Visitor: 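To start, I am sharing the structure in question, which I have written as structure tokens.
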Number of protein chains: 2
Amino acid sequence: MNIADQIYSAADSANQDRAQAIRDNLRDAIVDRRLAPGTKLSEGEVGTLFDVSRTVARAALQMLSFEGLVRTERNRGAFVANPSPEEARQVFASRRLIEPGIATAACERVTAADIAAFRAQLDEEGRFIVERGPTARRSEIKASGDFHLLLTSVAGNAILQRFMEELVARSSLVIALYGRSGVSACGHSEHTDIVGALESRDSGLASRLMLHHIDHIEADLDLRVRAGPALREALNF
Amino acid sequence: MNIADQIYSAADSANQDRAQAIRDNLRDAIVDRRLAPGTKLSEGEVGTLFDVSRTVARAALQMLSFEGLVRTERNRGAFVANPSPEEARQVFASRRLIEPGIATAACERVTAADIAAFRAQLDEEGRFIVERGPTARRSEIKASGDFHLLLTSVAGNAILQRFMEELVARSSLVIALYGRSGVSACGHSEHTDIVGALESRDSGLASRLMLHHIDHIEADLDLRVRAGPALREALNF
DNA sequence: TGCACAACAATCGTATGCAATCTTTTTTGG
DNA sequence: CCAAAAAAGATTGCATACGATTGTTGTGCA
């Protein structure tokens, strides 16, 4: 469980706030499933791994707790979130509510430079789809999320940006937990279609495509409360 | 500037997390404009007022910083947020994006008990409108925000609830800063109309009414960048 | 053998101390 | 008298220390 692989890649970029750097590192690790849901993140351990005191480790965990990526229990510690099916539904309900509007807003502000950035992002996604193996799958989930964040950044609203960052991160957790098949096999083509709608500035189409896209992602989840997981959860942990 | 008036009203309800209690207290104070935008909130001072150490005061301020209610500057301290016109626009753009959908969702889940709660809330609002004076105006803004939070709670999505709590709090700040007239003079009747739409479960109407309502609130703001504030900001601070 | 209880270990919650940084005031040179 | 440098003061950033709480292990008794 070596979390602190790329400490310094983040540390030198953030000479301002170390807690934030640790937060970003942990978030990436959680979203990439290098840290499994339910994993305990004790303040002391995190502090040791990142070579800081418990104070700053605690601050980082508190941030992640706000984002819903870790759950903290009083006097017990912090654990990587293990979203319930109900939570998963709420995450996607929120995205259905917000993202079509973001697509609409993005349509009105998109520039040629943005389109170029989208093309690059789509290429990146495509690379991971042809590859196989768990590593590629993780990168695929991450790249898919990055697409949505890129779209949000085009909309140019810092508040929505933060909301979407949280939703995308939590979605990645949910997909990793409940995902059935290769999500983005169809997702990639849908992303391409959305970029097409953006390019022609057809906000109605972009909005509709986005809604369907989210529906497809959620449809790929298996959110039934199975006897298996409940039992496994009760015994295995 | 006596913040700690009602410490214990919050403290005994929250023997679990003192930082959260302080956060709630400060948030109320900010939203009610008992703490003016720009006011410095030093860790030491907050800690002394609430009779806790700087550690927990710091945690409370960090939470408020996440919510966008205070702005923190490194090695300088925390200040009550002073949202710029651009920020104000983003707050309301976000609400326009989210709240119509919340109204729709609420329509599908509203119960008779909810309707009764709405009636009580509307009465509460009405009480403050007939009163005059700054205290009543504050209570009016707060009650108006509470209506939107009540509606969100009916929608039954914890994530959206948190988003809306942030947006409503920031809106209150914005209204207090840039509001022109009595916002809720018309706002109250619009709230009443929305409850009516809920009661008849007309989700399309509820959604439209909500959108217009937000537009009206924003239309009452004066978001022009006046020479005054910019100059005052540059010199006075 | 099985259960209750007590001691132990691990971890968190919080207070406090020190160094770094920023702001303000004082001093000094022109 | 003014400007610039230097020192003082205030406040944050961070680490560490100590008491409190929780979960676990071991022991005695039925």
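Model, not experiment: these values are computed from the prediction. Naming: A, B, ... by sequence-line order, numbering from 1 per chain. The figures here come from the full heavy-atom set of this structure, side chains too, leaving out hydrogens, waters and symmetry mates.
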Visitor: D/dC14 C1' sits how many Å from A/Glu43 CD, rounded?
Guide: 14 Å

Visitor: Which is more 5' along DNA chain D, the nucleotide nearest B/Ser42 or the one nearest B/Thr55? Just name the residue.
Guide: B/Ser42

Visitor: Say whether, by atom type as modelled, one donor and one acceptor occur between the side chain of B/Thr39 and the main chain of B/Leu35 under 3.5 angstrom.
Guide: no

Visitor: Rounded off to whole Å, could you give me the CG-to-P distance for the A/Asp17 and D/dT12 pair?
Guide: 14 Å

Visitor: Taking CZ from A/Arg74 and C1' from C/dT11, how many angstroms apart are they, rounded to a whole number?
Guide: 13 Å

Visitor: Among B/Arg170, B/Arg23, B/Arg162, exactly one meets salt bridge (charged side-chain N to carboxylate O under 4.0 Å, His left out) together with B/Glu67. Which residue is that?
Guide: B/Arg23

Visitor: Quick check for you: among C/dA15, C/dT11, D/dG13, whose closest atom lies nearest to any side-chain atom of B/Arg54?
Guide: D/dG13

Visitor: Please state how far atom CZ in A/Arg18 lies from atom P in C/dA20, giving the value in whole angstrom units.
Guide: 12 Å

Visitor: Report the distance from atom CZ of B/Arg76 to atom P of D/dG13, rounded to the nearest whole Å.
Guide: 12 Å

Visitor: To the nearest Å, give me how far apart CD (B/Gln20) and C1' (C/dT14) are.
Guide: 17 Å

Visitor: Using the side-chain heavy atoms of A/Asn75, tell me which of these nucleotides is nearest: C/dT11, D/dT22, C/dC18.
Guide: D/dT22

Visitor: Specify the separation, in whole Å, of atom CZ of B/Arg58 and atom P of D/dG13.
Guide: 4 Å

Visitor: Is it true that B/Glu218 and B/Arg89 make a salt bridge, defined as a side-chain N closer than 4.0 Å to a carboxylate O?
Guide: no

Visitor: Verify whether one side chain among B/Ser171 and B/Arg95 offers a donor that lies under 3.5 Å from an acceptor in the other.
Guide: yes

Visitor: For B/Gln62 and C/dG13, what is the distance between atoms CD and P respectively, to the nearest whole Å?
Guide: 14 Å

